[in-house]
Amino acid sequence: MTSEAVAAATVRVRIAPSPTGPLHIGTARTALFNYLFARRYGGTFVLRLEDTDVERSTAEFEADILAGLRWLGLGWDEGPGLPGEPDQGPFGPYRQMERLARYKSSSDRLLAEDKAYYCYCSAAELDAERKRLEAAHLPPRYSGRCAHLTAAERAAFEAEGSRPAIRFRIEPGIVAFDDLVRGHVEIDASALGGDLVIVRAEGTPLYHFCVVVDDAAMHISHVIRGEDHLSNTPKHILLFRALGEAVPLFAHLPLILNPDRTKMSKRKTQTAVDDYIHEGFIREGLVNYLALLGWSTGSEDEILGLDEIAARFSLEHVQKAGAVFDRERLEWLNGQWIRRLAPAELVGRLRPFVQAEAAAGRMDRVPADAEIEALVPLVQERLPVLGAIGDLVDFLFADRLEVDPALLVPKRWDAATALGGLRAARETVAGVDAGGFGSEALEADLRGLAEAHGWKAGDLFMAIRVAVTGRTATPPLFQTLVALGRERVLVRLDSAIGGLAGQTGEGG
RNA sequence: GCCGCAUUCGUCUAGAGGCCCAGGACACCGCCCUCUCAAGGCGGAGAUCACCGGUUCGAAUCCGGUAUGCGGUACCA
(Lines give C-alpha, C1' and ligand atoms only; values in the text may rest on other atoms or scores of the structure.)
Protein backbone atom coordinates (compact mmCIF):
# COMPACT_ATOMS: atom_id res chain seq x y z
CA MET A 1 0.00 0.00 0.00
CA THR A 2 1.23 3.47 -0.74
CA SER A 3 1.55 5.88 2.12
CA GLU A 4 -0.94 8.20 0.43
CA ALA A 5 -3.54 5.46 0.38
CA VAL A 6 -3.01 4.84 4.06
CA ALA A 7 -3.11 8.49 4.94
CA ALA A 8 -6.38 8.93 3.09
CA ALA A 9 -8.11 6.55 5.45
CA THR A 10 -8.50 6.95 9.17
CA VAL A 11 -6.06 4.55 10.68
CA ARG A 12 -7.25 2.68 13.75
CA VAL A 13 -5.24 -0.31 14.87
CA ARG A 14 -5.26 -2.42 17.99
CA ILE A 15 -3.37 -4.89 20.09
CA ALA A 16 -5.59 -7.48 21.70
CA PRO A 17 -3.70 -9.60 24.20
CA SER A 18 -5.20 -12.31 26.36
CA PRO A 19 -4.33 -12.09 30.04
CA THR A 20 -3.60 -15.79 30.18
CA GLY A 21 0.12 -15.38 30.71
CA PRO A 22 2.74 -12.69 31.24
CA LEU A 23 3.47 -10.29 28.37
CA HIS A 24 5.03 -12.37 25.61
CA ILE A 25 7.80 -11.15 23.34
CA GLY A 26 5.62 -11.93 20.34
CA THR A 27 2.74 -9.89 21.70
CA ALA A 28 5.13 -7.06 22.43
CA ARG A 29 6.35 -7.07 18.85
CA THR A 30 2.85 -7.15 17.43
CA ALA A 31 1.95 -4.27 19.74
CA LEU A 32 5.05 -2.42 18.58
CA PHE A 33 4.20 -2.81 14.89
CA ASN A 34 0.65 -1.62 15.50
CA TYR A 35 1.92 1.29 17.54
CA LEU A 36 4.42 2.21 14.84
CA PHE A 37 1.82 2.00 12.13
CA ALA A 38 -0.50 4.29 14.10
CA ARG A 39 2.29 6.76 14.79
CA ARG A 40 3.51 6.76 11.22
CA TYR A 41 0.11 7.46 9.72
CA GLY A 42 -1.37 9.62 12.43
CA GLY A 43 -3.76 6.92 13.55
CA THR A 44 -5.18 5.64 16.81
CA PHE A 45 -3.70 2.75 18.76
CA VAL A 46 -6.28 0.78 20.73
CA LEU A 47 -5.66 -1.74 23.49
CA ARG A 48 -8.29 -4.38 24.08
CA LEU A 49 -8.11 -7.22 26.58
CA GLU A 50 -9.40 -10.54 25.29
CA ASP A 51 -10.29 -12.17 28.56
CA THR A 52 -13.08 -14.52 27.52
CA ASP A 53 -11.01 -17.54 28.46
CA VAL A 54 -12.12 -17.13 32.05
CA GLU A 55 -10.36 -20.29 33.17
CA ARG A 56 -6.90 -19.01 32.32
CA SER A 57 -7.25 -15.23 32.53
CA THR A 58 -6.07 -13.48 35.68
CA ALA A 59 -5.83 -9.93 36.96
CA GLU A 60 -2.11 -10.44 37.61
CA PHE A 61 -1.39 -11.30 34.00
CA GLU A 62 -3.47 -8.35 32.90
CA ALA A 63 -1.45 -6.03 35.12
CA ASP A 64 1.78 -7.55 33.85
CA ILE A 65 0.81 -7.00 30.22
CA LEU A 66 -0.24 -3.39 30.72
CA ALA A 67 2.88 -2.63 32.73
CA GLY A 68 5.09 -4.27 30.12
CA LEU A 69 3.60 -2.31 27.25
CA ARG A 70 3.98 0.92 29.20
CA TRP A 71 7.54 0.02 30.07
CA LEU A 72 8.30 -0.44 26.38
CA GLY A 73 6.90 3.01 25.73
CA LEU A 74 3.96 1.71 23.70
CA GLY A 75 1.25 3.93 25.13
CA TRP A 76 -2.26 3.39 23.79
CA ASP A 77 -4.78 6.05 22.84
CA GLU A 78 -7.81 4.01 23.84
CA GLY A 79 -8.02 1.14 26.24
CA PRO A 80 -8.95 -0.12 29.66
CA GLY A 81 -8.26 2.07 32.65
CA LEU A 82 -6.30 1.09 35.69
CA PRO A 83 -8.33 -0.90 38.21
CA GLY A 84 -10.99 1.45 39.56
CA GLU A 85 -10.39 3.99 36.81
CA PRO A 86 -12.66 4.47 33.82
CA ASP A 87 -11.65 3.17 30.40
CA GLN A 88 -10.30 5.74 27.97
CA GLY A 89 -11.90 6.06 24.57
CA PRO A 90 -15.31 6.31 22.94
CA PHE A 91 -15.68 2.63 22.02
CA GLY A 92 -15.32 0.99 25.41
CA PRO A 93 -15.45 -0.98 27.47
CA TYR A 94 -12.12 -2.45 26.38
CA ARG A 95 -12.28 -5.71 28.29
CA GLN A 96 -14.25 -8.35 26.47
CA MET A 97 -15.86 -9.75 29.58
CA GLU A 98 -17.44 -6.33 30.01
CA ARG A 99 -18.83 -6.47 26.49
CA LEU A 100 -20.86 -9.62 26.81
CA ALA A 101 -24.15 -7.86 26.06
CA ARG A 102 -22.78 -6.77 22.69
CA TYR A 103 -21.78 -10.28 21.68
CA LYS A 104 -25.16 -11.47 22.83
CA SER A 105 -27.01 -8.99 20.67
CA SER A 106 -24.79 -9.81 17.69
CA SER A 107 -25.31 -13.54 18.07
CA ASP A 108 -29.05 -12.98 18.54
CA ARG A 109 -29.08 -11.12 15.29
CA LEU A 110 -27.25 -13.88 13.43
CA LEU A 111 -29.67 -16.36 14.94
CA ALA A 112 -32.67 -14.29 13.93
CA GLU A 113 -31.36 -14.03 10.40
CA ASP A 114 -30.65 -17.77 10.38
CA LYS A 115 -26.96 -17.08 9.79
CA ALA A 116 -26.31 -19.04 12.95
CA TYR A 117 -28.10 -21.84 14.78
CA TYR A 118 -28.20 -23.73 18.05
CA CYS A 119 -26.08 -26.84 18.24
CA TYR A 120 -26.76 -29.49 20.86
CA CYS A 121 -23.91 -31.83 20.03
CA SER A 122 -21.97 -32.85 23.11
CA ALA A 123 -18.22 -32.59 23.45
CA ALA A 124 -18.03 -36.38 23.45
CA GLU A 125 -20.00 -36.65 20.21
CA LEU A 126 -17.90 -34.04 18.49
CA ASP A 127 -14.75 -35.68 19.69
CA ALA A 128 -15.84 -39.06 18.36
CA GLU A 129 -16.75 -37.51 15.04
CA ARG A 130 -13.39 -35.82 14.76
CA LYS A 131 -11.55 -39.03 15.59
CA ARG A 132 -13.51 -40.94 13.01
CA LEU A 133 -12.62 -38.45 10.30
CA GLU A 134 -9.02 -38.40 11.30
CA ALA A 135 -8.85 -42.18 11.18
CA ALA A 136 -10.25 -42.04 7.66
CA HIS A 137 -7.59 -39.45 6.77
CA LEU A 138 -10.20 -36.81 6.22
CA PRO A 139 -9.98 -33.24 7.46
CA PRO A 140 -11.89 -32.70 10.72
CA ARG A 141 -15.12 -30.95 9.96
CA TYR A 142 -18.42 -30.43 11.75
CA SER A 143 -21.10 -32.60 10.19
CA GLY A 144 -23.83 -30.00 10.36
CA ARG A 145 -26.03 -32.36 12.31
CA CYS A 146 -27.80 -29.53 14.12
CA ALA A 147 -27.85 -27.19 11.15
CA HIS A 148 -31.47 -27.74 10.32
CA LEU A 149 -33.19 -28.84 13.50
CA THR A 150 -36.97 -28.53 13.61
CA ALA A 151 -38.64 -26.74 16.46
CA ALA A 152 -39.75 -30.11 17.83
CA GLU A 153 -36.24 -31.55 17.76
CA ARG A 154 -34.92 -28.47 19.53
CA ALA A 155 -37.63 -28.75 22.14
CA ALA A 156 -36.67 -32.38 22.72
CA PHE A 157 -33.02 -31.47 23.34
CA GLU A 158 -34.11 -28.66 25.64
CA ALA A 159 -36.37 -31.05 27.51
CA GLU A 160 -33.36 -33.30 28.10
CA GLY A 161 -31.75 -30.26 29.66
CA SER A 162 -28.94 -30.03 27.12
CA ARG A 163 -27.60 -26.53 26.62
CA PRO A 164 -26.78 -25.49 23.05
CA ALA A 165 -23.73 -23.78 21.66
CA ILE A 166 -24.27 -21.35 18.80
CA ARG A 167 -22.78 -22.11 15.40
CA PHE A 168 -22.20 -19.70 12.57
CA ARG A 169 -23.05 -21.05 9.14
CA ILE A 170 -19.99 -21.19 6.88
CA GLU A 171 -21.40 -20.86 3.37
CA PRO A 172 -19.49 -22.47 0.51
CA GLY A 173 -17.35 -20.29 -1.72
CA ILE A 174 -13.92 -18.82 -2.06
CA VAL A 175 -12.90 -16.15 0.43
CA ALA A 176 -10.23 -13.82 -0.87
CA PHE A 177 -8.43 -10.85 0.60
CA ASP A 178 -5.38 -8.77 -0.10
CA ASP A 179 -3.01 -9.04 2.80
CA LEU A 180 -0.85 -5.94 3.16
CA VAL A 181 2.21 -8.10 3.80
CA ARG A 182 1.52 -11.24 1.82
CA GLY A 183 -0.52 -10.05 -1.09
CA HIS A 184 -3.54 -11.82 -2.49
CA VAL A 185 -4.72 -14.81 -0.46
CA GLU A 186 -7.60 -17.12 -1.34
CA ILE A 187 -9.04 -19.85 0.82
CA ASP A 188 -11.90 -22.17 0.03
CA ALA A 189 -14.52 -21.91 2.78
CA SER A 190 -14.99 -25.66 2.60
CA ALA A 191 -11.55 -26.00 4.18
CA LEU A 192 -12.66 -24.13 7.27
CA GLY A 193 -13.92 -27.12 9.19
CA GLY A 194 -17.63 -26.58 8.87
CA ASP A 195 -19.92 -24.34 10.83
CA LEU A 196 -18.09 -22.46 13.51
CA VAL A 197 -18.99 -22.34 17.19
CA ILE A 198 -19.22 -18.70 18.18
CA VAL A 199 -20.84 -19.05 21.62
CA ARG A 200 -20.13 -21.82 24.08
CA ALA A 201 -22.98 -23.90 25.54
CA GLU A 202 -22.17 -22.27 28.81
CA GLY A 203 -22.91 -18.90 27.20
CA THR A 204 -19.58 -17.14 26.76
CA PRO A 205 -18.54 -16.10 23.26
CA LEU A 206 -15.47 -17.44 21.50
CA TYR A 207 -12.42 -15.63 20.19
CA HIS A 208 -13.20 -15.65 16.47
CA PHE A 209 -16.56 -14.07 17.17
CA CYS A 210 -15.50 -11.48 19.74
CA VAL A 211 -12.58 -10.33 17.67
CA VAL A 212 -14.87 -9.53 14.76
CA VAL A 213 -17.64 -7.93 16.78
CA ASP A 214 -15.10 -5.76 18.58
CA ASP A 215 -12.97 -4.85 15.58
CA ALA A 216 -16.15 -3.69 13.91
CA ALA A 217 -17.46 -1.85 16.95
CA MET A 218 -14.12 -0.18 17.53
CA HIS A 219 -13.81 0.78 13.85
CA ILE A 220 -10.50 -0.96 13.42
CA SER A 221 -9.17 -0.11 9.96
CA HIS A 222 -6.11 -2.38 9.85
CA VAL A 223 -5.75 -5.69 11.62
CA ILE A 224 -2.02 -6.19 12.10
CA ARG A 225 -1.31 -9.49 13.81
CA GLY A 226 0.81 -12.64 13.72
CA GLU A 227 0.86 -15.00 10.79
CA ASP A 228 -0.68 -17.71 12.92
CA HIS A 229 -3.98 -15.96 12.25
CA LEU A 230 -3.67 -15.96 8.49
CA SER A 231 -5.61 -19.20 8.09
CA ASN A 232 -8.34 -17.93 10.41
CA THR A 233 -8.85 -14.71 8.50
CA PRO A 234 -11.54 -16.11 6.14
CA LYS A 235 -13.65 -16.99 9.18
CA HIS A 236 -13.36 -13.43 10.33
CA ILE A 237 -14.20 -12.02 6.92
CA LEU A 238 -17.29 -14.20 6.70
CA LEU A 239 -18.35 -12.99 10.13
CA PHE A 240 -17.81 -9.34 9.24
CA ARG A 241 -19.98 -9.80 6.18
CA ALA A 242 -22.71 -11.66 8.04
CA LEU A 243 -22.80 -8.89 10.59
CA GLY A 244 -23.10 -6.32 7.80
CA GLU A 245 -19.85 -4.67 8.82
CA ALA A 246 -17.02 -3.28 6.71
CA VAL A 247 -14.12 -5.71 6.44
CA PRO A 248 -10.87 -4.16 7.69
CA LEU A 249 -7.54 -4.51 5.91
CA PHE A 250 -5.27 -7.28 7.14
CA ALA A 251 -1.51 -7.45 7.58
CA HIS A 252 -0.02 -10.69 8.85
CA LEU A 253 3.38 -10.40 10.46
CA PRO A 254 5.98 -13.16 10.21
CA LEU A 255 6.27 -15.31 13.29
CA ILE A 256 9.10 -15.07 15.78
CA LEU A 257 10.84 -18.44 15.81
CA ASN A 258 12.78 -20.69 18.16
CA PRO A 259 16.28 -21.60 16.96
CA ASP A 260 14.77 -24.76 15.44
CA ARG A 261 12.47 -22.53 13.37
CA THR A 262 9.25 -23.53 15.10
CA LYS A 263 6.94 -20.87 16.50
CA MET A 264 8.61 -19.19 19.48
CA SER A 265 7.61 -20.95 22.67
CA LYS A 266 8.31 -20.72 26.35
CA ARG A 267 9.79 -24.21 26.32
CA LYS A 268 12.55 -23.33 23.89
CA THR A 269 13.10 -19.60 24.20
CA GLN A 270 12.68 -17.12 27.00
CA THR A 271 9.41 -15.44 26.03
CA ALA A 272 8.32 -13.27 28.96
CA VAL A 273 9.18 -9.61 28.51
CA ASP A 274 9.49 -9.42 32.29
CA ASP A 275 12.36 -11.86 32.27
CA TYR A 276 14.24 -9.68 29.82
CA ILE A 277 13.56 -6.63 31.94
CA HIS A 278 14.88 -8.40 35.02
CA GLU A 279 18.05 -9.33 33.22
CA GLY A 280 18.65 -5.70 32.47
CA PHE A 281 17.58 -5.28 28.88
CA ILE A 282 16.50 -1.69 28.40
CA ARG A 283 13.49 -0.53 26.48
CA GLU A 284 15.55 1.17 23.78
CA GLY A 285 17.42 -2.03 23.05
CA LEU A 286 14.42 -4.29 23.16
CA VAL A 287 12.28 -2.01 21.01
CA ASN A 288 15.06 -1.57 18.46
CA TYR A 289 15.65 -5.31 18.29
CA LEU A 290 11.99 -6.23 18.05
CA ALA A 291 11.39 -3.68 15.31
CA LEU A 292 14.19 -5.24 13.28
CA LEU A 293 12.76 -8.73 13.69
CA GLY A 294 10.72 -8.92 10.53
CA TRP A 295 11.07 -5.34 9.46
CA SER A 296 13.93 -3.30 8.10
CA THR A 297 14.45 0.29 7.13
CA GLY A 298 15.30 -0.80 3.64
CA SER A 299 18.71 0.68 4.25
CA GLU A 300 21.69 -0.29 6.33
CA ASP A 301 20.71 1.83 9.32
CA GLU A 302 19.89 -0.29 12.30
CA ILE A 303 20.48 1.54 15.55
CA LEU A 304 17.26 3.46 15.78
CA GLY A 305 15.12 4.90 18.55
CA LEU A 306 11.36 4.49 18.76
CA ASP A 307 10.70 7.91 17.23
CA GLU A 308 13.06 7.31 14.32
CA ILE A 309 11.50 3.93 13.68
CA ALA A 310 8.01 5.39 13.79
CA ALA A 311 9.03 8.03 11.28
CA ARG A 312 10.32 5.40 8.87
CA PHE A 313 7.90 2.56 9.46
CA SER A 314 5.84 1.03 6.70
CA LEU A 315 4.35 -2.37 6.03
CA GLU A 316 6.19 -2.53 2.72
CA HIS A 317 9.41 -3.51 4.40
CA VAL A 318 7.89 -6.18 6.59
CA GLN A 319 9.45 -9.55 5.87
CA LYS A 320 7.27 -12.48 4.84
CA ALA A 321 9.26 -15.34 6.34
CA GLY A 322 9.55 -16.11 10.05
CA ALA A 323 12.50 -14.72 12.02
CA VAL A 324 14.59 -16.66 14.53
CA PHE A 325 14.96 -14.84 17.82
CA ASP A 326 18.69 -14.13 18.19
CA ARG A 327 19.56 -13.29 21.76
CA GLU A 328 23.17 -12.38 20.94
CA ARG A 329 22.08 -9.72 18.55
CA LEU A 330 19.63 -8.41 21.13
CA GLU A 331 22.45 -8.18 23.66
CA TRP A 332 24.65 -6.33 21.23
CA LEU A 333 21.93 -3.83 20.44
CA ASN A 334 21.15 -3.48 24.13
CA GLY A 335 24.80 -2.72 24.83
CA GLN A 336 24.76 -0.12 22.07
CA TRP A 337 21.86 1.62 23.78
CA ILE A 338 23.34 1.37 27.25
CA ARG A 339 26.43 3.13 25.92
CA ARG A 340 24.26 5.92 24.59
CA LEU A 341 22.58 6.63 27.92
CA ALA A 342 23.50 9.83 29.76
CA PRO A 343 25.41 9.00 32.98
CA ALA A 344 22.68 10.22 35.33
CA GLU A 345 20.11 8.24 33.36
CA LEU A 346 22.24 5.13 33.53
CA VAL A 347 22.55 5.51 37.29
CA GLY A 348 18.78 5.55 37.61
CA ARG A 349 18.41 2.44 35.48
CA LEU A 350 21.19 0.69 37.35
CA ARG A 351 19.78 1.39 40.81
CA PRO A 352 17.37 -1.56 41.03
CA PHE A 353 20.07 -3.92 39.84
CA VAL A 354 22.53 -2.64 42.40
CA GLN A 355 19.89 -3.01 45.09
CA ALA A 356 19.28 -6.57 43.96
CA GLU A 357 22.99 -7.33 44.32
CA ALA A 358 22.86 -6.12 47.90
CA ALA A 359 19.66 -8.01 48.59
CA ALA A 360 21.32 -11.15 47.28
CA GLY A 361 24.19 -10.63 49.70
CA ARG A 362 26.83 -9.95 47.08
CA MET A 363 27.31 -6.43 48.41
CA ASP A 364 27.30 -5.40 52.03
CA ARG A 365 25.71 -2.05 51.39
CA VAL A 366 23.86 -0.24 48.66
CA PRO A 367 26.09 2.45 47.20
CA ALA A 368 24.71 5.97 46.86
CA ASP A 369 23.82 7.30 43.42
CA ALA A 370 26.87 9.56 43.45
CA GLU A 371 29.08 6.55 44.02
CA ILE A 372 27.51 4.70 41.13
CA GLU A 373 27.78 7.73 38.90
CA ALA A 374 31.49 7.93 39.65
CA LEU A 375 31.80 4.38 38.35
CA VAL A 376 29.84 4.96 35.15
CA PRO A 377 32.92 5.69 33.02
CA LEU A 378 34.39 2.38 34.16
CA VAL A 379 31.34 0.23 33.49
CA GLN A 380 29.23 1.81 30.79
CA GLU A 381 30.86 0.07 27.85
CA ARG A 382 31.08 -3.21 29.71
CA LEU A 383 27.36 -3.79 30.19
CA PRO A 384 25.55 -5.88 27.59
CA VAL A 385 22.71 -5.90 30.15
CA LEU A 386 22.24 -3.85 33.30
CA GLY A 387 22.29 -7.04 35.35
CA ALA A 388 25.98 -7.39 34.56
CA ILE A 389 26.73 -4.53 36.93
CA GLY A 390 27.23 -6.86 39.90
CA ASP A 391 30.16 -8.70 38.41
CA LEU A 392 31.80 -5.38 37.62
CA VAL A 393 31.51 -3.58 40.94
CA ASP A 394 30.30 -5.77 43.78
CA PHE A 395 33.83 -6.16 45.18
CA LEU A 396 33.83 -2.42 45.81
CA PHE A 397 30.97 -2.69 48.24
CA ALA A 398 31.73 -6.00 49.87
CA ASP A 399 33.43 -5.96 53.26
CA ARG A 400 35.04 -9.31 52.85
CA LEU A 401 36.42 -10.79 49.67
CA GLU A 402 36.73 -14.42 48.71
CA VAL A 403 39.90 -14.86 46.69
CA ASP A 404 40.89 -18.09 45.04
CA PRO A 405 44.65 -18.31 45.77
CA ALA A 406 45.23 -20.14 42.49
CA LEU A 407 44.07 -17.05 40.58
CA LEU A 408 46.64 -14.91 42.36
CA VAL A 409 49.39 -16.53 40.33
CA PRO A 410 49.52 -15.19 36.76
CA LYS A 411 50.13 -17.73 34.01
CA ARG A 412 53.80 -16.91 33.49
CA TRP A 413 54.56 -16.79 37.20
CA ASP A 414 54.98 -19.29 39.99
CA ALA A 415 53.57 -18.87 43.48
CA ALA A 416 56.79 -17.55 44.93
CA THR A 417 57.05 -14.84 42.29
CA ALA A 418 53.43 -13.90 42.86
CA LEU A 419 54.04 -13.68 46.57
CA GLY A 420 57.09 -11.50 46.02
CA GLY A 421 55.23 -9.37 43.54
CA LEU A 422 52.32 -8.77 45.87
CA ARG A 423 54.62 -7.92 48.78
CA ALA A 424 56.51 -5.44 46.67
CA ALA A 425 53.27 -3.99 45.38
CA ARG A 426 51.99 -3.67 48.92
CA GLU A 427 55.06 -1.71 49.85
CA THR A 428 54.73 0.51 46.80
CA VAL A 429 51.09 1.26 47.46
CA ALA A 430 51.86 1.94 51.11
CA GLY A 431 54.44 4.42 49.92
CA VAL A 432 51.82 6.50 48.15
CA ASP A 433 50.20 8.75 50.71
CA ALA A 434 46.48 9.24 50.79
CA GLY A 435 46.73 12.66 49.17
CA GLY A 436 48.57 11.33 46.12
CA PHE A 437 46.41 8.24 45.67
CA GLY A 438 45.53 8.78 42.03
CA SER A 439 45.45 6.37 39.12
CA GLU A 440 48.28 8.02 37.21
CA ALA A 441 50.63 8.04 40.18
CA LEU A 442 49.80 4.44 41.03
CA GLU A 443 50.33 3.31 37.48
CA ALA A 444 53.68 5.07 37.23
CA ASP A 445 54.89 3.61 40.51
CA LEU A 446 53.72 0.08 39.82
CA ARG A 447 55.13 0.10 36.30
CA GLY A 448 58.40 1.25 37.77
CA LEU A 449 58.25 -1.59 40.24
CA ALA A 450 57.69 -4.18 37.54
CA GLU A 451 60.53 -2.80 35.50
CA ALA A 452 62.89 -2.81 38.46
CA HIS A 453 62.22 -6.50 39.02
CA GLY A 454 62.17 -7.46 35.37
CA TRP A 455 58.51 -8.48 35.54
CA LYS A 456 56.04 -8.02 32.80
CA ALA A 457 53.79 -5.22 33.98
CA GLY A 458 50.72 -7.20 32.94
CA ASP A 459 51.63 -10.07 35.23
CA LEU A 460 52.13 -7.85 38.24
CA PHE A 461 48.90 -6.03 37.49
CA MET A 462 47.00 -9.28 37.19
CA ALA A 463 48.20 -10.46 40.58
CA ILE A 464 47.15 -7.17 42.12
CA ARG A 465 43.86 -7.23 40.30
CA VAL A 466 42.95 -10.62 41.66
CA ALA A 467 44.14 -9.70 45.14
CA VAL A 468 41.91 -6.64 45.39
CA THR A 469 38.90 -7.76 43.35
CA GLY A 470 38.91 -11.54 43.44
CA ARG A 471 38.40 -11.51 39.68
CA THR A 472 40.52 -11.77 36.55
CA ALA A 473 38.26 -9.52 34.50
CA THR A 474 37.56 -6.09 35.95
CA PRO A 475 37.37 -2.45 35.00
CA PRO A 476 40.79 -0.79 34.50
CA LEU A 477 43.04 -1.57 37.47
CA PHE A 478 44.30 1.82 38.61
CA GLN A 479 40.91 3.45 38.58
CA THR A 480 39.66 0.44 40.44
CA LEU A 481 42.35 0.90 43.09
CA VAL A 482 41.35 4.52 43.49
CA ALA A 483 37.69 3.57 43.78
CA LEU A 484 38.61 1.05 46.45
CA GLY A 485 40.70 3.54 48.43
CA ARG A 486 44.18 3.20 49.85
CA GLU A 487 43.25 1.50 53.08
CA ARG A 488 41.15 -1.23 51.58
CA VAL A 489 43.73 -1.89 48.88
CA LEU A 490 46.33 -2.43 51.58
CA VAL A 491 44.04 -4.69 53.62
CA ARG A 492 43.24 -6.82 50.59
CA LEU A 493 46.86 -7.04 49.51
CA ASP A 494 47.77 -8.17 53.01
CA SER A 495 45.04 -10.71 53.00
CA ALA A 496 46.11 -12.07 49.61
CA ILE A 497 49.74 -12.22 50.72
CA GLY A 498 48.63 -14.14 53.79
CA GLY A 499 46.59 -16.56 51.74
CA LEU A 500 49.35 -17.16 49.24
CA ALA A 501 51.96 -17.58 51.94
CA GLY A 502 49.76 -20.20 53.54
CA GLN A 503 49.51 -21.96 50.20
CA THR A 504 53.20 -22.02 49.57
CA GLY A 505 53.86 -23.23 53.06
CA GLU A 506 55.78 -20.09 53.88
CA GLY A 507 54.96 -18.19 57.04
CA GLY A 508 53.31 -14.72 56.72
C1' G B 1 -4.50 -35.90 6.21
C1' C B 2 -6.51 -31.19 4.41
C1' C B 3 -5.86 -25.87 3.69
C1' G B 4 -2.59 -21.77 3.71
C1' C B 5 2.04 -19.27 3.89
C1' A B 6 7.19 -19.15 3.27
C1' U B 7 12.32 -20.19 1.21
C1' U B 8 19.20 -14.65 0.01
C1' C B 9 25.76 -16.16 4.51
C1' G B 10 24.85 -20.10 11.20
C1' U B 11 21.27 -15.71 12.57
C1' C B 12 18.70 -10.78 11.38
C1' U B 13 18.54 -8.64 6.73
C1' A B 14 19.69 -5.22 1.75
C1' G B 15 18.10 -6.37 -2.97
C1' A B 16 11.79 -4.56 -6.94
C1' G B 17 15.67 -7.59 -14.82
C1' G B 18 21.72 -5.36 -16.05
C1' C B 19 24.79 -1.10 -10.46
C1' C B 20 25.19 -8.31 -7.52
C1' C B 21 30.50 -14.06 -9.59
C1' A B 22 25.07 -10.60 -4.05
C1' G B 23 25.88 -5.44 0.33
C1' G B 24 25.37 -4.53 5.86
C1' A B 25 24.82 -6.25 10.99
C1' C B 26 25.25 -10.17 15.01
C1' A B 27 28.12 -14.39 15.94
C1' C B 28 33.03 -16.60 14.41
C1' C B 29 38.52 -16.12 13.13
C1' G B 30 42.96 -13.00 12.71
C1' C B 31 45.61 -8.34 13.41
C1' C B 32 45.93 -3.42 15.80
C1' C B 33 45.07 -0.87 20.45
C1' U B 34 45.88 -2.69 25.48
C1' C B 35 47.16 -3.92 32.75
C1' U B 36 42.54 -7.99 32.41
C1' C B 37 37.67 -7.73 30.42
C1' A B 38 35.19 -4.81 27.32
C1' A B 39 34.80 -0.99 23.70
C1' G B 40 36.93 0.68 19.17
C1' G B 41 39.75 0.20 14.37
C1' C B 42 41.33 -2.91 10.30
C1' G B 43 41.00 -7.50 7.74
C1' G B 44 39.14 -12.68 6.88
C1' A B 45 36.06 -16.72 6.33
C1' G B 46 30.98 -17.52 5.42
C1' A B 47 25.12 -17.59 0.42
C1' U B 48 26.10 -22.49 -6.46
C1' C B 49 20.18 -16.29 -3.90
C1' A B 50 15.99 -24.22 -1.79
C1' C B 51 15.76 -27.19 -6.45
C1' C B 52 14.25 -27.99 -11.64
C1' G B 53 12.41 -25.90 -15.98
C1' G B 54 10.70 -21.55 -18.68
C1' U B 55 10.48 -16.12 -20.33
C1' U B 56 14.54 -12.65 -21.70
C1' C B 57 20.33 -10.38 -25.12
C1' G B 58 20.47 -10.67 -19.61
C1' A B 59 17.00 -13.28 -13.47
C1' A B 60 18.22 -13.43 -6.53
C1' U B 61 14.60 -10.34 -8.93
C1' C B 62 9.10 -12.44 -13.78
C1' C B 63 6.24 -17.41 -14.75
C1' G B 64 5.39 -22.78 -13.76
C1' G B 65 6.48 -27.11 -11.14
C1' U B 66 9.04 -29.82 -7.20
C1' A B 67 11.10 -30.17 -2.41
C1' U B 68 11.51 -28.73 2.41
C1' G B 69 9.90 -25.96 6.50
C1' C B 70 6.34 -23.57 9.25
C1' G B 71 1.34 -22.14 10.53
C1' G B 72 -3.84 -23.27 10.83
C1' U B 73 -7.27 -27.01 11.17
C1' A B 74 -10.89 -26.56 19.35
C1' C B 75 -17.43 -25.16 22.77
C1' C B 76 -7.99 -21.92 23.47
C1' A B 77 -6.52 -17.11 22.16
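In what follows, chains are A, B, ... by sequence order, proteins preceding strands, each numbered from 1. Hydrogens, waters and symmetry mates are skipped; everything else that's a heavy atom, side chains included, is used.
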Can you list the residues that meet the side chain to side chain contact (heavy atoms under 4.5 Å, CB included) rule with [X], with sequence neighbours excluded?
{"X": "L407(A)", "result": "D404(A), V466(A), T472(A)"}
{"X": "A31(A)", "result": "I15(A), F45(A), L69(A), L74(A)"}
{"X": "V213(A)", "result": "Y103(A), S106(A), F209(A), L243(A)"}
{"X": "I187(A)", "result": "V185(A), L192(A), P234(A)"}

Between [M] and [N] - [atom1] atom distance, rounded Å:
{"N": "G24(B)", "M": "G44(B)", "atom1": "P", "result": "10 Å"}
{"N": "G40(B)", "M": "A45(B)", "atom1": "P", "result": "22 Å"}
{"N": "C51(B)", "M": "U61(B)", "atom1": "P", "result": "10 Å"}

request  = List in chain and number order the residues that pass side-chain hydrogen bond (donor to acceptor under 3.5 Å, both in side chains) with R102(A), two or more places apart in sequence or in another chain; answer none if no residue qualifies.
outcome  =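 R102(A) satisfies side-chain hydrogen bond (donor to acceptor under 3.5 Å, both in side chains) with no other residue.
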ask   = Excluding sequence neighbours, so at least two apart, what forms side-chain hydrogen bond (donor to acceptor under 3.5 Å, both in side chains) with R99(A)?
value =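 In terms of side-chain hydrogen bond (donor to acceptor under 3.5 Å, both in side chains), with neighbours along the sequence ignored, R99(A) is linked to D214(A).
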What nucleic acid atoms does [X] come within less than 4.0 Å of, heavy atoms only: base, sugar-phosphate, or nothing?
{"X": "E125(A)", "value": "nothing"}
{"X": "A321(A)", "value": "sugar-phosphate"}
{"X": "G298(A)", "value": "sugar-phosphate"}

message = Tell me which one of I198(A), N232(A), L238(A) satisfies side-chain contact (heavy atoms from CB on, under 4.5 Å) with H208(A).
response =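 With H208(A) as partner, side-chain contact (heavy atoms from CB on, under 4.5 Å) holds for just one option, N232(A).
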query = Taking only residues two or more places apart in sequence or in another chain, which ones pass ring-ring contact (aromatic ring centres under 6.0 Å, His included) with H453(A)?
reply =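 Result, ring-ring contact (aromatic ring centres under 6.0 Å, His included) vs H453(A): W455(A).
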Could you check which residues of [range] get a heavy atom under 4.0 Å from RNA chain B? Sort them by number, please.
{"range": "residues 49-59 of chain A", "answer": "E50(A), T52(A), D53(A), R56(A)"}
{"range": "residues 17-31 of chain A", "answer": "S18(A)"}
{"range": "residues 377-395 of chain A", "answer": "E381(A), R382(A)"}

key: Close side-chain approach of V223(A) and L249(A), heavy atoms under 4.5 Å   =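 V223(A) does not reach L249(A) side chain to side chain.
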request  = Nearest-nucleotide wise, let me know which of L330(A) and R130(A) is further upstream toward the 5' end of RNA chain B.
outcome  =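 Its nucleotide being nearer the 5' end, the pick is L330(A).
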inquiry  = Under 4.0 Å from a heavy atom of chain A: give me the 5'-most and 3'-most nucleotides of RNA chain B that qualify.
reply    =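 Reading along RNA chain B, I get G1(B) to A77(B).
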task = Quick one: list whatever passes salt bridge (charged side-chain N to carboxylate O under 4.0 Å, His left out) with R327(A), sequence neighbours left out.
result =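 E279(A), E331(A).
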